[in-house]
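These numbers come from a predicted model, not from an experiment.
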Amino acid sequence: MTMKLHWSKKVFALSFALVLTTVLSLFAFKSAAQDYNQGALLFPLSTNGVARCARTGRDVPRVYQTQEFGVALRQFWDNEQVYLSIVFPDGRVFSPNAAGKLDGIVDMPPNFPWVAVTSNGGDFYAPFTASATWPRGCYELTALGGSSNRLASGFFALDSLPMGPMNHGRATLIVEDNTTGDPAGLHGATVNLFGRGFAAQENVSVWITAPDGTVIGYPTQFTSDVGSFASSFTFDSRFATGRYAFTALGQWSDYQVIATFDLAAQPTTPNSYALLAVTWKQPPQNTQGGQFEIAGQFFFAFEPVVVWVTLPDNSVRTLPDQYTNIYGEFFADITFDERLPIGTYKFTAKGVNSGRVVISQDVAVLQPGDPVVTAVPPTTDAAPRVDLNNAFGYGQGGALEQTGLMPNDPPAVETLVP
């Protein structure tokens, strides 16, 4: 039986009955952040068979985006609080509370802990729904007993919801760079969407599938009297690079078409003798939750310096402007929390007055941190964030906040939120 991915103007209008048939054997382990007790068990539960998980080298339960799956806990203490967390394929760690609020682009909701209370027998079960804003790949679920300090872990593989045969009808979809007309462009490009051949005056659902399988909502389009629509938006630096798939589905005609667009990063070339160094600031040195210090020199005195960070997927996060001292120097302590992916980061600094651009030769390599979310209150700032700089003031986090995707010149439409 095939199923078609259909978007409404509220959320995915899908309901599924859960029959718990596939159970994953789990293992417990010692965290990179601290030692936990072993022996508790966690079982992801799904009705969609199994899929190979590269992280474990074995088959694990398969879960589809927008579908329900279960989590069963065993062998914790009786009536104790248990913290449940989700480790994403790229190493980001979220509680189920935060994971349900991702936008698929910036993904910076406050990471409030998710807490359950076990039964008299030390057991617990809860159903969850996999969001379309989660990327494809192998996920790890962790559960930590608040009293026993027992840590359990289990894995599942997330995949896109299968779609049935598409009825193209006479519909077409073109996605192109506004300047070149090519189905490819760089960060900052204005992208046009041209739909043709749909029914007259019908609503057309549009969604974007990112290179990692994340599904990003886009405003519903309303066709003209000849069944066409046009829309545009900017592929800014928040987006990861790679191939994006745009899908348009006529809500009355049922015509469905897909077009792709390849996004690449803007090239940055150093043009000065300014320097930018990156060092580990404090233990746990290069793990999630730790700090990096960036230090720049050979800029103008008392000059504002724009600083940005390139993430492992080539998306960009900006930091608050830094200001040099009388010697043209600045430093800033940057915190990378558990909401950021593991991998290699690069810093770039540009003097606003001098125009000097420098890319750090030293790179920040972020390793996995604690696999559980227990902190109350959680960090609410965007990340990475500036905690301290040479002016002895505190930063306000990255300038990129969670936001929906909106066209440049939207018609009377409503934003789709997956």
Side-chain angles (χ1 to χ4, degrees), residues 23-44 53-58 60 71-99 110-126 128 137-156 279-292 333-343 364-379 383-384 387:
V23 177
L24 171 68
S25 300
L26 71 95
F27 67 93
F29 65 98
K30 291 187 176 181
S31 163
Q34 68 178 94
D35 290 333
Y36 294 118
N37 298 323
Q38 301 183 15
L41 305 174
L42 186 154
F43 302 98
C53 174
R55 293 171 63 182
T56 65
R58 63 176 185 268
V60 299
V71 178
L73 307 180
R74 299 288 184 267
Q75 297 178 200
F76 285 89
W77 284 0
D78 60 306
N79 305 123
E80 78 166 321
Q81 290 186 333
V82 177
Y83 297 89
L84 187 67
S85 305
I86 305 174
V87 183
F88 278 51
D90 59 7
R92 293 175 295 164
V93 184
F94 293 103
S95 71
N97 295 323
N111 219 353
F112 286 97
W114 191 95
V115 185
V117 178
T118 61
S119 69
N120 291 341
D123 302 333
F124 183 81
Y125 160 77
F128 296 94
C138 188
Y139 285 72
E140 181 181 15
L141 292 166
T142 63
L144 174 66
S147 301
S148 65
N149 203 38
R150 306 192 93 188
L151 181 70
S153 174
F155 293 84
F156 68 88
T279 57
W280 289 272
K281 181 65 176 177
Q282 64 181 29
Q285 293 180 339
N286 57 344
T287 61
Q288 292 166 321
Q291 281 187 334
F292 293 94
D333 292 345
I334 314 296
T335 296
F336 290 70
D337 63 36
E338 75 284 348
R339 297 173 298 172
L340 288 169
I342 61 175
V365 180
L366 196 63
Q367 301 290 345
D370 200 319
V372 294
V373 177
T374 60
V376 179
T379 299
D387 288 325

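- Taking R339 as the reference, D337 meet the salt bridge (Lys or Arg N to Asp or Glu O under 4.0 Å) condition, with sequence neighbours excluded.
- Qualifying side chain to side chain contact (heavy atoms under 4.5 Å, CB included) partners for V117, counting only residues two or more places apart in sequence or in other chains: Q81.
- The nearest pair of heavy atoms linking P44 to L141 is CG-CD1, 3.9 Å.
- Across all non-hydrogen atoms, the minimal contact from A98 to P110 is CB-O, 3.6 Å.
- Side-chain contact check for V60 versus R55: every heavy-atom pair is 4.5 Å or farther apart.
- Residues that satisfy the side chain to side chain donor-acceptor pair (under 3.5 Å) test with T335, not counting sequence neighbours, are Q291, D387.
- Taking both residues in full, the closest heavy atoms of F155 and C53 are given as CD2-SG, 4.3 Å, listed atom of the first, atom of the second, then distance.
- In terms of the salt bridge (Lys or Arg N to Asp or Glu O under 4.0 Å) criterion, residue partners of D90 (sequence neighbours excluded) are, by chain and number, R92.
- Between the E338 side chain and the V373 main chain, no donor and acceptor come within less than 3.5 Å of each other.
- Among all heavy-atom pairs drawn from A152 and F76, the shortest one is CB-CZ, 4.0 Å.
- Using a 4.5 Å cut-off on side-chain heavy atoms (C-beta onward), P96 and L84 make contact.
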Practice problem: Please report the C-alpha distance between L151 and T142 in whole Å, then the side-chain angles of each, then the deciding distance to 0.1 Å, and finally whether the side chain to side chain contact (heavy atoms under 4.5 Å, CB included) criterion is met. | Solution: CA-CA 7 Å; L151 181 70; T142 63; 4.2 Å; yes

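- Residue G369 comes nearest to Q288 through the heavy atom pair N-OE1, 3.1 Å, listed as atom of the first residue, atom of the second, then distance.
- Of the possible polar contacts, one joining the N111 side chain to the V93 backbone as a donor-acceptor pair under 3.5 Å is found.
- At least one donor-acceptor pair under 3.5 Å links the side chain of T118 to the backbone N or O of W77.
- Residues satisfying the side chain to side chain contact (heavy atoms under 4.5 Å, CB included) criterion with A375, sequence neighbours excluded, are absent altogether.
- Within the 4.5 Å cutoff, no side-chain heavy atoms of W114 are placed close to those of I86.
- Here A364 pairs with V278, F292, Y345, F347 under the side chain to side chain contact (heavy atoms under 4.5 Å, CB included) rule; sequence neighbours left out.
- Taking the ring-ring contact (aromatic ring centres under 6.0 Å, His included) definition, one finds that F94 meets it with F88, sequence neighbours left out.
- Under the side chain to side chain contact (heavy atoms under 4.5 Å, CB included) rule, V71 has a single partner from F43, Y125, F128, F124, which is F128.
- Not counting sequence neighbours, D78 has no partner by the side chain to side chain contact (heavy atoms under 4.5 Å, CB included) test.
- Distance check: L144 CG to N149 CG gives 5.5 Å after rounding to the nearest 0.5 Å.
- Here the side chains of I342 and Q367 are not in contact, with every heavy-atom distance at 4.5 Å or above.
- Closest approach of P113 to V376, counting heavy atoms only: CG-CG2, 3.5 Å.
- Between N286 and L366, the closest side-chain pair of non-hydrogen atoms is not below 4.5 Å.
- In this structure a side-chain-to-backbone donor-acceptor pair under 3.5 Å is present from R150 to Q38.
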